[in-house]
2 protein chains.
Amino acid sequence: MRLNTKSRYAVMALADMAGFKDSRPISLRDISIRQSISLQYLEQIFLKLKKNNIVKSIRGTNGGYVLAKNACHIKLSEIFIALNENVKTIGCDKHSKKGCNGRSTKCITHNLWDELDLHINAFFENKKLEDLIKN
Amino acid sequence: MRLNTKSRYAVMALADMAGFKDSRPISLRDISIRQSISLQYLEQIFLKLKKNNIVKSIRGTNGGYVLAKNACHIKLSEIFIALNENVKTIGCDKHSKKGCNGRSTKCITHNLWDELDLHINAFFENKKLEDLIKN
DNA sequence: AGAAACTTGACTATTTTAGTCGGGTATATA
DNA sequence: TATATACCCGACTAAAATAGTCAAGTTTCT
């Protein structure tokens, strides 16, 4: 089990941004350098963050991104959802015949994965971006 | 984020076994049919479960596997460890130069992933195989 | 003896991941 | 108004992981 780098980088980049108090836009180029993440990969990530209203973009010279809301209001769960890293951990897919083993009834471990999802989501729901930079 | 099928199947197969009260060995062939899992894939899985002392094998005709201990004493965390599904969720690898972004210091989100690991592991530590079959 | 069932290593197709490439468009500033 | 800076975006790809299969055993019950 592993989170993917996109989610990880997204959190790192946003935490980087949140560390700056002034509201000047921050360019991906700067984040790229500070966090050692490829600029073009960051662009992919920020596109999704923007679509999900987590950041706003300012184009042109001296442009960049700013957080769309205060760091204390950005839940980590939002970030994962934005990147389609839906923290749905496991199969039991309703659409697939393989899900729940092709049975009409729930598989023996179905509820377990549901509980696990709740457990993990609760963690991310309660974590705010601001929590990361307080220490 | 997704658990792999090996871990999922392992839990399903063990839960299947735990559902039988008598202590006769259960053949992988039977589990394979009941849970719709390829026999040969189950063999791979049970090899690991055996090495980690979660099941015992009885060879020969009427052989099969039995749980090495009572279902109420088998923690799900054991099962994941047995399958090398170490619930270490994220990078920040001490050995890799990429980990923590090649910095000597911890990356900005390092503690977050540590916390998440603890959170998930706690879930599996507290879940016993028996809990799955009670309902 | 023969069948049932475990044992084991090697192999492979598919999918996912983690990016790169290359061509845009918008805007501030000189 | 030229140009550099920075966002925008779709398509592509190499490498790794996943989810198995295949083949050839060994052991033990009946």
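Remember, predicted model here, so these are calculated numbers, not experimental data. Convention: sequence-line order gives letters A, B, ...; per-chain numbering from 1.
Atom-to-atom, CG of A/Leu42 to P of D/dC7 comes out at 10 Å; the value is rounded to the nearest Å. Per the geometry, CG belonging to A/Leu39 stands 10 Å off C1' belonging to D/dC7, to the nearest Å. Residue A/Leu47 contributes atom CG, which lies 16 Å from atom P of C/dT25 at whole-angstrom precision. Rounding to whole angstrom units, CG of residue B/Leu83 and P of D/dA17 are separated by 17 Å. What separates CZ of B/Phe46 from P of C/dT8 is a distance of 15 Å, to the nearest Å. The separation between A/Ile45 atom CD1 and C/dA18 atom C1' is 10 Å, rounded to whole Å. The interatomic distance linking B/Lys6 (NZ) with D/dT21 (C1') rounds to 12 Å, in whole Å.
Counting side-chain heavy-atom gaps under 4.5 Å among Ile, Leu, Val, Met, Phe, Trp and Tyr, B/Leu118 is found in no cluster with other residues. Side-chain heavy-atom separations under 4.5 angstrom define the hydrophobic clusters, and the remaining members of the one that includes A/Val66 are A/Ile58.
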Mind listing the side-chain donor-acceptor pairs of residues 67-80 of chain A below 3.5 Å, one per line with the distance, residues two or more places apart or on another chain?
residue : atom : partner  : partner atom : Å
A/Lys69 : NZ   : A/Glu78  : OE1          : 2.9
A/Asn70 : OD1  : A/Cys72  : N            : 3.1
A/Lys75 : NZ   : A/Glu125 : OE1          : 3.1
A/Ser77 : OG   : A/Glu125 : OE2          : 2.8
A/Glu78 : OE2  : A/Lys75  : N            : 2.9

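Listed by chain and residue number, nothing satisfies the salt bridge (charged side-chain N to carboxylate O under 4.0 Å, His left out) test with B/Glu43 (two or more places apart in sequence, or in another chain). For B/Lys127, the salt bridge (charged side-chain N to carboxylate O under 4.0 Å, His left out) partners two or more places apart in sequence, or in a different chain, are A/Glu115. Legend: residues meeting side-chain hydrogen bond (donor to acceptor under 3.5 Å, both in side chains) with B/Lys48, ordered by chain and number and at least two apart, are absent.
Taking the charged nitrogens against the carboxylate oxygens, B/Lys134 and B/Asp131 do have a contact shorter than 4.0 Å, which makes a salt bridge.
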Where do N or O atoms of nucleotides 10-12 of chain C meet protein N or O atoms at under 3.5 Å, pair by pair?
none

For nucleotides 23-30 of chain D, just jot down a letter per nucleotide in 5' to 3' order: B, S or -, based on protein non-hydrogen atoms under 4.0 Å.
B-BBBBBS

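Remark: A/Tyr9 is in phosphate contact with C/dG19, judged by side-chain N or O atoms under 4.0 Å from OP1 or OP2. Under 4.0 angstrom from either OP1 or OP2 of C/dA18 there lies at least one side-chain N or O belonging to A/Thr5. OP1 or OP2 of D/dC8 sits under 4.0 Å from a side-chain N or O of A/Tyr65. One finds no side-chain N or O of A/Ser38 lying less than 4.0 angstrom from the OP1 or OP2 phosphate oxygen of C/dA18.
Applying a 4.0 Å cut-off to non-hydrogen atoms, the residues of residues 18-28 of chain A that approach DNA chain D are A/Ile26, A/Ser27, A/Leu28, listed by residue number. Contacts between residues 48-55 of chain A and DNA chain D, defined by a heavy-atom separation below 4.0 Å, involve A/Lys50, listed by number.
With hydrogens and angles ignored, the 3.5 Å screen pairs no side-chain donor or acceptor of B/Ser27 with any backbone N or O of B/Gly64. Within the 3.5 Å criterion, the main-chain N or O of B/Asp114 finds no donor-acceptor partner in the side chain of B/His119. A distance-only check finds a donor-acceptor pair linking the side chain of A/Asn126 to the backbone of A/Ala122 [under 3.5 Å]. With B/Asp30 contributing its side chain and B/Ile26 its backbone, the two residues share no donor-acceptor pair below 3.5 Å.
In this structure, A/Tyr41 and B/Ser57 both approach DNA chain C, and ranking their closest nucleotides by distance from the 5' end singles out B/Ser57.
Listed by first and then second residue, the side-chain hydrogen bond (donor to acceptor under 3.5 Å, both in side chains) pairs that reach into residues 56-68 of chain A are A/Lys50-A/Ser57, sequence neighbours excluded. Under the ring-ring contact (aromatic ring centres under 6.0 Å, His included) criterion, no residue pair touches residues 10-32 of chain A, with sequence neighbours excluded.
Here the CD1 atom belonging to B/Ile37 is positioned 5.0 Å from the CG atom belonging to B/Leu42, to the nearest 0.5 angstrom.
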